[in-house]
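Worksheet: one structure, shown below.
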Amino acid sequence: MAETARNPGQASTPTAPAVSGNVVGSDSEIEEQRRSGPLHTPRGDTTIEETVVQKLAGMATREVPGVYAMGNAARRAFSAVTDRIPGSQTNVSHGVTVEKGERQAAIDVSIVVEYGFSIVEVSQGIRRNVIRSVENATGLEVLEVNVNVTDVQLPGDSKDEGDDGSKPPSNRLE
């Protein structure tokens, strides 16, 4: 009978293993907490939506010198139109896609780089900044940050844009 009283699975109260001083039970609880991560605690769970991670990654990307814009040409044209609507908010998640699990995330960003900046250095800066920002804010582990450079903003290109922010048609493929 004394054997069954020590067995945590057969204890009469759920707190018996935690207060028993049994070292094995305490180690297993600590190991369980390590496996569950900072978002899943004995006192409750925290869930984070993909849009939260998208916004954090978008803001972190925009902070990197050399990033002119985010998204592809169609997305930027659409954003230029919606930004002119009174009362509308700038969508910082344009050009960011996220695949998120319970503990990990993978992030893809599409950017336009300013002419004169090293694409390699800008990409590395984006990765560092996005990983730091998302991991610090959410507790999620960022497995990868893929950077897709869709264009280079050349000097004088901005004056060629139309009133709606879209570029005139060109003969080059995009």
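Residue numbers count from 1 along this sequence.
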Inset, instruction - Answer yes if Val67 and Val149 sit in the same cluster of Ile, Leu, Val, Met, Phe, Trp and Tyr residues linked by side chain heavy atoms under 4.5 Å apart, and no otherwise. - result: yes
Legend entry - Partners passing side-chain hydrogen bond (donor to acceptor under 3.5 Å, both in side chains) against Glu99 (at least two apart in sequence or in another chain): none
Inset, instruction - Locate the shortest heavy-atom distance separating His94 from Arg62; write the atom from each residue and the value. - result: O-NH2, 4.2 Å
Legend entry - Minimum heavy-atom distance between Glu135 and Leu140, given as atom pair plus value: CG-O, 3.0 Å
Legend entry - Glu144 atom CD, neighbour heavy-atom count above 12 within 6.0 Å: yes
Inset, instruction - Output all residues satisfying side-chain hydrogen bond (donor to acceptor under 3.5 Å, both in side chains) with Asp108, sequence neighbours left out; order by chain, then residue number. - result: Asn146
Legend entry - Spacing of Thr97 atom OG1 and Gln54 atom CD [to the nearest 0.5 Å]: 7.5 Å
Inset, instruction - Could you walk me through whether Leu39 and Thr138 pass the side-chain contact (heavy atoms from CB on, under 4.5 Å) test, one step at a time? - result: CA-CA 8 Å; Leu39 298 176; Thr138 66; 5.7 Å; no
Legend entry - Minimum-distance pair of heavy atoms, taken over all atoms of Val112 and Gly71: CG2-O, 4.2 Å
Legend entry - Between Gln153 and Glu114, a side-chain donor and acceptor under 3.5 Å: no
Distance-only criterion, 3.5 Å: show the donor-acceptor pairs between side-chain atoms of residues 122-134 and protein atoms not counting sequence neighbours.
from, atom 1, to, atom 2, distance (Å)
Ser123, OG, Ile119, O, 2.9
Arg127, NE, Val145, O, 2.9
Asn129, OD1, Arg132, NH2, 2.4
Asn129, ND2, Ala60, O, 2.7
Asn129, ND2, Glu63, OE1, 3.2

Legend entry - Over all atoms of both residues, closest heavy-atom pair of Leu154 and Tyr115: CD2-CD1, 3.7 Å
Legend entry - Non-hydrogen atoms of Glu49 and Lys100 that approach each other most closely: C-CE, 4.2 Å
Inset, instruction - Kindly say whether Ile111 contributes a backbone atom to a donor-acceptor pair with the side chain of Thr150 at under 3.5 angstrom? - result: yes
Inset, instruction - Report the distance from atom NZ of Lys55 to atom CD of Glu50, rounding to the nearest 0.5 Å. - result: 13.5 Å
